[in-house]
Amino acid sequence: MSVRKVKTAVIGCGMISSIYIRNLSRLFSVIDLAAVCNIHREGAEARAKEFGIPKAMTIDEAAADPEIELAVNLTPASAHYDVIKRMLLAGKHVYTEKMFTTDLEQSRELVALAAEKGLLLGVAPDTVLGAGIQTARYLIDTGMIGKVTSAQVCINRNQALNSEYFRFLRGPGGTLPYDVGIYYIGALLALLGSVTQITAFGNPAPMHEPQAAFLNEGAEPWQIPGLNTVAASLRFECGAVGSVLFDGNTVGAEQHGFTVYGTRGILKVGDPDKFGDPVTLILPENAPVQMPFTHGYDGKNMLGEPAPYDHYGHRGIGVAELAWALRKGRPHARLSGDYGLHCQEVLQGMDIAAETGKAYETLSRFEMKGLRPGYYSSMFNGAMRGDAEASLME
Ligand SMILES: NC(=O)c1ccc[n+]([C@@H]2O[C@H](COP(=O)([O-])OP(=O)(O)OC[C@H]3O[C@@H](n4cnc5c(N)ncnc54)[C@H](O)[C@@H]3O)[C@@H](O)[C@H]2O)c1
């Protein structure tokens, strides 16, 4: 089968761009990574040279290039709204890293703009399309745990300490719920569907005295804005209830938790920040069983030579899934703008519920189709076996 590849430009050449550029240029037959762009041209030129990408461009050049069909936005969240709007107005389809934007109204506007212009808009995290979460989704959809009754997720970090190294965490969107909780909310929603009501309590981050002198010379103490520890209860449209705990004010020894309960069994889901953390099925009167993956893209390097950014896994599946929707003319049924908007509304709803002491009723809804099973994603005799990518086509 031959398919006209989707000419794609990556915008933003920072830390996460290495794995995207590597994967988009080599892993998916539907993508032609034609250009990389950055606010400073030198950054783009360096990445283009490093990965053998034909063109380094400015954003203006990418917007004006009629060949570029799809823009992959890897800029910091504070730049997302401007970059996405710019590309949509230039007639490009867009896939953006999380968070969608830093303001729900802006995200609503962008979803409406994409719809008005007949363009596809996709939103990370695409870890939810990885082997772990898709296997969990398949087990739920095929009735292995019966009807879902409830779920709980939790994650902890010392976010203020981390913000010494990652400076962008000191600004809006730097709290644990937005920086990391989004992977948990994204996966929870991918498994259980839309949330209708939220109640919550929360605490801000402490004022942080910098500890690493060589990184923070002369820096005054700072405080990450927003609620950095949140405990929330969610009611899902499917009838299930959920419990969420994000604690960014404790130590960095991560104790991640993700459990889905049903009328017939329980699923222990792996770390949703990874593509292939194990899924364990617990049925009464049986020992817990770690399930084989029913889907591909488990995050392991498929390309042979190890690279320093391998731990970022299969980032880029969401871009390929969007590109297949485009080429097949099918609905963009997974990481849609509606999904991104709902994830953002749930996180923001937790803040609002905690601040007002009242239940927050969500306005947005989304639908997400599970991927068709297809788990071969290995090299065979020098060529990539296509089952995993085939699962992204329909
Ligand atoms: N670093 C991670 O571990 C990680 C993981 C997953 C997702 N993300 C997300 O990916 C995005 C990028 O993260 P990062 O860690 O690579 O950030 P980064 O700060 O390392 O890189 C951002 C890049 O975007 C460029 N840039 C900034 N504004 C721009 C603009 N207006 N136009 C064009 N280029 C612009 C900067 O020059 C820089 O090269 C963020 O949304 C982040 O949340 C990061």
Side-chain angles (χ1 to χ4, degrees), residues 9-24 35-48 50-51 53 56-64 68 71-90 92 94-103 106-107 110 122-130 155 157 159 162-163 165-187 224 254 271-275 299 307-319 335 340 343-344 347:
V10 157
I11 300 176
C13 289
M15 193 188 303
I16 201 69
S17 69
S18 298
I19 191 68
Y20 267 97
I21 295 172
R22 183 178 197 248
N23 288 348
L24 292 178
V36 288
C37 317
N38 201 44
I39 198 158
H40 308 298
R41 182 181 275 280
E42 317 83 71
E45 280 168 355
R47 279 282 188 264
E50 184 183 353
F51 290 93
I53 306 303
M57 291 181 174
T58 61
I59 286 218
D60 288 340
E61 288 164 351
I68 303 292
V72 178
N73 179 22
L74 308 180
T75 62
S78 53
H80 284 185
Y81 171 75
D82 288 340
V83 170
I84 298 169
K85 189 166 179 181
R86 183 78 205 281
M87 288 296 143
L88 289 175
L89 288 173
K92 316 293 183 199
V94 178
Y95 178 88
T96 187
E97 249 302 335
K98 53 89 184 171
M99 290 296 299
F100 191 168
T101 68
T102 51
D103 179 301
Q106 291 182 340
S107 298
L110 295 174
V123 185
D126 62 357
T127 41
V128 305
L129 300 184
I155 184 65
R157 280 189 187 177
Q159 196 72 352
N162 291 347
S163 73
Y165 300 90
F166 301 104
R167 282 167 189 263
F168 63 89
L169 295 179
R170 299 177 195 180
T175 58
L176 188 77
Y178 286 85
D179 180 44
V180 182
I182 177 65
Y183 292 100
Y184 288 77
I185 295 300
I224 301 172
E254 284 186 27
D271 181 348
D273 192 4
K274 298 195 168 66
F275 287 80
Y309 29 78
D310 275 350
H311 62 284
Y312 283 124
H314 286 136
R315 284 190 163 78
I317 324 174
V319 181
L335 308 182
C343 288
Q344 190 175 351
L347 281 167

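Both counts, for ligands and for their atoms, begin at 1 and track the order of listing.
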Keeping to residues at least two apart or across chains, list the side-chain hydrogen bond (donor to acceptor under 3.5 Å, both in side chains) pairs with something in residues 71-81.
->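 Applying side-chain hydrogen bond (donor to acceptor under 3.5 Å, both in side chains) to every pair that reaches into residues 71-81, excluding sequence neighbours, yields Asn73-Thr75, Asn73-Thr96, Tyr81-Lys85, Tyr81-Glu109.
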
Check the angle between the aromatic planes of Phe275 and His314 and answer parallel, tilted or perpendicular using the 30° and 60° thresholds.
->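 Because their plane-to-plane angle is over 60°, the rings of Phe275 and His314 count as perpendicular.
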
Sub-3.5 Å donor-acceptor pair from the side chain of Asp82 to the main-chain atoms of Ala79, do we have one?
->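 No.
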
Please give the N or O to N or O pairs under 3.5 Å between ligand 1 and the protein, distances rounded to 0.1 Å.
{"unit_1": "ligand 1", "atom_1": "3 (O)", "unit_2": "Tyr312", "atom_2": "OH", "d": "3.0"}
{"unit_1": "ligand 1", "atom_1": "16 (O)", "unit_2": "Met15", "atom_2": "N", "d": "3.0"}
{"unit_1": "ligand 1", "atom_1": "16 (O)", "unit_2": "Ile16", "atom_2": "N", "d": "2.9"}
{"unit_1": "ligand 1", "atom_1": "20 (O)", "unit_2": "Met15", "atom_2": "N", "d": "2.9"}
{"unit_1": "ligand 1", "atom_1": "34 (N)", "unit_2": "Ile39", "atom_2": "N", "d": "3.1"}
{"unit_1": "ligand 1", "atom_1": "37 (O)", "unit_2": "Asn38", "atom_2": "OD1", "d": "3.3"}
{"unit_1": "ligand 1", "atom_1": "37 (O)", "unit_2": "Asn38", "atom_2": "ND2", "d": "3.3"}
{"unit_1": "ligand 1", "atom_1": "39 (O)", "unit_2": "Cys13", "atom_2": "N", "d": "3.4"}
{"unit_1": "ligand 1", "atom_1": "39 (O)", "unit_2": "Gly14", "atom_2": "N", "d": "3.3"}
{"unit_1": "ligand 1", "atom_1": "39 (O)", "unit_2": "Asn38", "atom_2": "OD1", "d": "3.0"}
{"unit_1": "ligand 1", "atom_1": "41 (O)", "unit_2": "Thr75", "atom_2": "O", "d": "3.1"}
{"unit_1": "ligand 1", "atom_1": "41 (O)", "unit_2": "His80", "atom_2": "NE2", "d": "3.1"}
{"unit_1": "ligand 1", "atom_1": "41 (O)", "unit_2": "Lys98", "atom_2": "O", "d": "2.8"}
{"unit_1": "ligand 1", "atom_1": "43 (O)", "unit_2": "Lys98", "atom_2": "O", "d": "3.0"}
{"unit_1": "ligand 1", "atom_1": "43 (O)", "unit_2": "Lys98", "atom_2": "NZ", "d": "3.4"}

Is it true that the side chains of Thr127 and Arg315 contain a donor and an acceptor less than 3.5 Å apart?
->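 The answer is no; no qualifying pair exists.
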
Set of residues satisfying salt bridge (Lys or Arg N to Asp or Glu O under 4.0 Å) with respect to Arg170, sequence neighbours excluded =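 Checked Arg170 against salt bridge (Lys or Arg N to Asp or Glu O under 4.0 Å); zero matches.
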
Residues that Gln106 engages under side chain to side chain donor-acceptor pair (under 3.5 Å), provided they are two or more places apart |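 Per chain and number, Gln106 pairs via side chain to side chain donor-acceptor pair (under 3.5 Å) with no residue.
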
